[in-house]
Amino acid sequence: MTIFVTGGAGYIGSHTIIELLNNGYDVVAADNFINSKPEAVKRIKELAQRDFVFYEMDVRDSVKLEKVFTENKIDCVIHFAGLKAVGESVSKPLEYYENNLNSAIALCEAMKKHNVSRIIFSSSATVYSGDNTMPLTEDSHTGGCINPYGWTKYMCEQILTDTVNANEGWAVALLRYFNPIGAHESGRIGEDPQDIPNNLMPFVAQTAVGKFTHINVKGTDYDTPDGTCIRDYIHVVDLAEGHVAAVKYIQNQTGVKIINLGTGRGVSVLELISAFEEATGVNIKKENAPRRPGDLPVSYASTEKAKKELAWSAKKTLKEACADSWRWQKSNPNGYE
């Protein structure tokens, strides 16, 4: 079976390709390297000890998509490609809408033309509205997103839902996942953000390696036990294995399947920093800072449906995720450069 992975050189895409190859799948991948590096592709092949087909391209490019689907017999698609920074989406909304929505549309058009009827979409907990109680289930309220990034995921879910409903025999798994952290245990691949990191863990790790003098804790007055945001931090390898489980699951499904991928446990910003310090022995200097635009106080998953439908659950601990992030950062202080 051949899986087409968009955004395959990215943080989650790279780890997922390794797990797919390790589970015997053939992979065709694409990436435009806007938020990733070609070195990641090389290291995936080294770690998996298997080759795969790779296209340097933008998924919005229908001509190049046609080439992918013509030259390869694609059985299933995993769609990761897209812009993903919450804060940046607030300042660059049009760029986020144009990129994320048009890539989903172009991909569906190519799939329809070539009779590919299975797709797994990299969605997000940001589609859930702020009026929900915790933990978030797949039936929790969606919409009312508080940043453009969340709205793009919400709208892409709708595009895919309508496409699947209009095409008999199609299936989509909308995987709503929470906050990926960690890295491959080898330290060879990991999260390599461009410029200043938008996500907490790479900022912590880069502070530990000396790229920053301190970390700004963005918001200390939330209605949480320690005043900082609470999130569901899931190890990226667990997340990658969740995608492999979804590939197996979706082969015998039709229609729209919505599944959360998380740990089911909320961890605050200060708790994460403390866990990193404990796992690595490195002290992280902190300074309080204003809230980041577009952040909810608390967000963590109910994982019951994933356990039931996918026979999957997160296994790695927060300490393991911190140690793996540090191993990656320490071994690659400048990322893939």
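- Looking at residues two or more places apart in sequence or on another chain, you find a salt bridge (charged side-chain N to carboxylate O under 4.0 Å, His left out) between D192 and K37.
- Annotation: cation-pi geometry satisfied between R176 and Y128 (NZ/CZ under 6.0 angstrom from ring centroid, within 45° of ring axis).
- With R327 contributing its side chain and E185 its backbone, the two residues share a donor-acceptor pair below 3.5 Å.
- With D58 as reference, N32 is the one residue of N102, N99, N32 to meet the side chain to side chain donor-acceptor pair (under 3.5 Å) rule.
- With hydrogens and angles disregarded, a donor-acceptor distance shorter than 3.5 Å links the side chain of D61 to the backbone of K64.
- A donor-acceptor pair under 3.5 Å is formed between the side chain of D238 and the backbone N or O of K315.
- With hydrogens and angles left out, the side-chain atoms of E88 and Y96 include a donor and acceptor closer than 3.5 Å.
- Judged as a side-chain hydrogen bond (donor to acceptor under 3.5 Å, both in side chains), and not counting sequence neighbours, N165 has no contacts.
- Partners of Y177 by ring pair (Phe, Tyr, Trp, His ring centres under 6.0 Å), not counting sequence neighbours, listed by chain and number: H243.
- When atom types are taken as modelled, the side chain of H15 and the backbone of H184 share a donor-acceptor pair closer than 3.5 angstrom.
- A distance-only check finds a donor-acceptor pair linking the side chain of D232 to the backbone of A301 [under 3.5 Å].
- The hydrophobic cluster containing W170 also includes F4, V28, V53, Y55, M57, V59, L65, V68, F69, I74, V77, L107, M111, V116, I119, F121, L160, V164, V172, L174, V256, I258, under a criterion of side-chain heavy atoms closer than 4.5 Å among ILVMFWY residues, counted directly or through chains of members.
- A search for ring pair (Phe, Tyr, Trp, His ring centres under 6.0 Å) contacts involving F203 returns F212, not counting sequence neighbours.
- Here the straight-line distance linking atom CD1 of I230 with atom OG of S299 works out to 10.5 Å at 0.5 Å rounding.
- Side-chain contact annotation: T137 with D139, donor-acceptor N/O pair under 3.5 Å absent.
- In this view, K45 and D51 satisfy the salt bridge (charged side-chain N to carboxylate O under 4.0 Å, His left out) rule, not counting sequence neighbours.
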